[in-house]
Amino acid sequence: MPTKATKRSPRVKPGQREEETLRVLISHQRIRERVRHMAQEIRRDFPNEPVHLVGVLKGSVLFLADLARELGGEVSFDFISVSSYGKGMDSTGEVKMNKDLDVSIEGRSVLVVEDILDTGLTLKYLLRLFEERKPKHLRVAVLLDKVERRIADVKADYTGFVIPNEFVVGYGLDYDERYRNLPDVCVVRLGPRGKTKIEA
Ligand code: IMP
């Protein structure tokens with residue numbers, strides 16, 4: 001069983017740092033309902049077309065899996081992995097590709113699936129990259145959007161939840177590779193280690 005954070009017992013256990021506490025921000029139930037509605041919206045826009053989902057590793061994996069199941073119809077998926085550097089106050093916008101797509105997106109209806117839109121610099125890099133590859137359509141679905149953190153001029157076509165400027169984990173999102181398996185999206189009060197590099 002995955003560790004489940006509850007409002008009643010926000011402390012992380014066992015064996016995890018005492019100073020890290022979790023608070024449920026969006027329950028799995030709410031996520032499930034919202035993902036279902038997002039899928040309906042996407043299918044309304046692409047009623048009879050194969051939709052090619054492009055997940056941004058690793059945070060989007062659980063969202064993509066649920067979205068793919070709710071979409072119905074013809075769906076394929078692929079994954080890309082990038083690392084963003086210089087996060088925080090002095091964000092440089094430097095993005096490094098770790099793993100490219102396996103197949104061409106030319107002529108396809110592509111839906112980029114991201115866990116969270118923060119500064120928007122990662123998405124800006126990805127959209128520029130994908131546009132050059134001449135997809136038929138290029139749309140973006142994000143589960144979470146921290147609107148007030150935006151630096152790049154990008155926005156998603158389909159957004160799950162707009163959230164405040166808090167560091168969140170769970171449902172695919174990590175802190176130092178931990179907490180991805182939490183079913184809920186939780187606010188984590190970070191320990192002393194800090195975050196210097198984020199793999200999108
Ligand atoms: P952006 O380029 O600043 O929009 O960053 C996007 C990436 O940063 C996401 O795909 C996440 O991997 C990571 N990120 C941003 N905010 C959070 C957060 O609150 N929790 C976990 N990861 C985050």
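Side chains are part of it too, since the values below use all heavy atoms of this structure and drop only hydrogens, waters and symmetry mates. As the structure lists them, so they are numbered: ligands from 1, and atoms in each ligand from 1. Note that the coordinates shown come from a computational prediction; the quantities given were computed from them, not determined experimentally.
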For ligand 1, note which part of Asp118 has a heavy atom under 4.0 Å away: side chain, backbone, both or neither.
-> both
Taking non-hydrogen atoms only, is Arg149 closer than 4.0 angstrom to ligand 1 via side chain, backbone, both or neither?
-> neither
From the options Thr119, Thr122, Asp118, Leu121, select the one residue that forms a side-chain contact (heavy atoms from CB on, under 4.5 Å) with Ser84.
-> Thr122
Is the shortest side-chain N to carboxylate O distance from Lys134 to Glu106 below 4.0 Å?
-> no
Glu166 heavy atom under 4.0 Å from ligand 1 = yes
Does an N or O from Ser84, backbone or side chain, lie closer than 3.5 Å to an N or O of ligand 1?
-> no
Does Gly120 reach ligand 1, in the sense of a heavy atom lying below 4.0 Å from it?
-> yes
Test of proximity, Phe167 against ligand 1: N or O pairs below 3.5 Å = no
So among Asp184, Leu144, Val169, Ile163, which one has a side-chain contact (heavy atoms from CB on, under 4.5 Å) with Leu25?
-> Ile163
Please list all pairs passing the ring pair (Phe, Tyr, Trp, His ring centres under 6.0 Å) test where one or both residues lie in residues 126-154, with sequence neighbours left out.
-> Phe46-His137
Any N or O of Leu117 that comes nearer than 3.5 Å to an N or O of ligand 1?
-> no
Proximal ligand 1 atoms for Leu173, defined as those under 4.0 Å from one of its heavy atoms | 20 (N), 21 (C), 22 (N)
Kindly state each residue pair satisfying ring pair (Phe, Tyr, Trp, His ring centres under 6.0 Å) with at least one member in residues 94-117, sequence neighbours excluded.
-> none
Select one of side chain, backbone, both or neither to describe which atoms of Asp174 lie under 4.0 Å from any atom of ligand 1, heavy atoms only.
-> backbone
Does the distance from a Lys or Arg side-chain N to an Asp or Glu carboxylate O, for Asp78 and Arg108, drop under 4.0 Å?
-> no
Answer with yes or no whether Ile116 contacts ligand 1, where contact means a heavy atom under 4.0 Å from a ligand atom.
-> yes
